[in-house]
Amino acid sequence: RRLSAIEDDATRLASDRLADVIREAEEDMREKLEAYRAKLEAQKQAKIDEARRRADKESQENIVRAREALREECAKRVRDVQAETEEMLRRVREERAAKTKARMQRRNEKREARRLRREAAGK
């Protein structure tokens, strides 16, 4: 009977110890799973952050390219308008010069005609 009690105690102690070991193993496994889950979440967040940074960088590069293209387009328009203006001014100067030349030519012709009339009248 005493042996039976000792065996029962030994069985109970072994059973308690086994339950403790199982509980510790489960707790350890839970902690490891939680750590692994946290690690995966951190990796996922790092990938998301990197993708976001890359997208922001590309967006900024696109903005810079668009600004540069707009700057170039504006500069081209300015050059075109300046060229048109210079061409108009050149034409205006040519027309003025032609009118002035024609006026001077008519004046000289009238002067020459008066001189010829005076000579004819004087002879």
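Note that the numbering runs from 1 along the sequence shown for the chain. Nothing here was measured: the structure is a model prediction, and the numbers come from that model.
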Checklist entry - If we only count heavy atoms from C-beta on, is the Asp56 to Gln60 side-chain gap below 4.5 Å? => result no

Checklist entry - Rounded to the nearest 0.5 Å, what separation is found between the CD atom of Glu31 and the CG atom of Asp28? => result 6.0 Å

Item to check | Step-by-step side chain to side chain contact (heavy atoms under 4.5 Å, CB included) determination, Thr85 to Gln82 | outcome: CA-CA 5 Å; Thr85 303; Gln82 285 175 336; 5.6 Å; no

Could you pull out all donor-acceptor pairs under 3.5 Å where a side-chain atom in residues 92-105 meets a protein atom, sequence neighbours excluded?
| from | atom 1 | to | atom 2 | distance (Å) |
| --- | --- | --- | --- | --- |
| Glu94 | OE1 | Arg90 | NH1 | 3.1 |
| Glu94 | OE2 | Arg90 | NH1 | 2.3 |
| Thr100 | OG1 | Arg96 | O | 2.8 |

Next on the checklist: Could you walk me through whether Arg77 and Asp80 satisfy the salt bridge (charged side-chain N to carboxylate O under 4.0 Å, His left out) test, starting with their C-alpha distance in whole Å, then the side-chain angles of each, then the deciding distance to 0.1 Å, before giving a yes or no?
Outcome noted: CA-CA 5 Å; Arg77 286 183 185 176; Asp80 291 348; over 6 Å; no

Item to check | Apart from Leu40 itself, residues in the same hydrophobic cluster as defined by side-chain heavy atoms under 4.5 Å | outcome: Tyr36

Checklist entry - Within the distance-only criterion (no hydrogens, no angle test), does the side chain of Ser59 pair as donor or acceptor with the backbone N or O of Ala55 below 3.5 angstrom? => result no

Item to check | Derivation of the side-chain hydrogen bond (donor to acceptor under 3.5 Å, both in side chains) call for Asp49 and Gln45 | outcome: CA-CA 6 Å; Asp49 292 347; Gln45 193 59 46; 3.0 Å; yes

Checklist entry - Do Arg71 and Glu68 sit within salt-bridge range, that is, some charged N less than 4.0 Å from a carboxylate O? => result yes

Checklist entry - Would you say the side chain of Arg30 lies within less than 4.5 Å of the side chain of Glu34, judging by non-hydrogen atoms? => result no

Checklist entry - For Arg54 and Lys57, what are the C-alpha separation, side-chain angles and deciding distance, and is it a side chain to side chain contact (heavy atoms under 4.5 Å, CB included)? => result CA-CA 5 Å; Arg54 213 175 12 256; Lys57 182 181 177 196; 5.7 Å; no

Checklist entry - More than 12 heavy atoms of other residues, nucleotides or ligands under 6.0 Å from CZ of Arg53: is that the case? => result yes

Checklist entry - Do Arg115 and Arg111 touch side chain to side chain, with heavy atoms closer than 4.5 Å? => result no

Next on the checklist: Applying salt bridge (charged side-chain N to carboxylate O under 4.0 Å, His left out) to Lys76 and Glu73, what does each step give before you reach the verdict?
Outcome noted: CA-CA 5 Å; Lys76 182 186 180 303; Glu73 177 65 25; 5.9 Å; no

Item to check | Interatomic spacing from CG in Asp20 to CG in Leu13 - rounded to 0.5 Å | outcome: 10.5 Å

Item to check | Intermediate values then yes/no, salt bridge (charged side-chain N to carboxylate O under 4.0 Å, His left out), Arg12 and Asp16 | outcome: CA-CA 6 Å; Arg12 197 171 26 262; Asp16 289 350; 5.7 Å; no

Checklist entry - In chain order, what residues pass the salt bridge (Lys or Arg N to Asp or Glu O under 4.0 Å) check against Arg91, with sequence neighbours excluded? => result Glu87

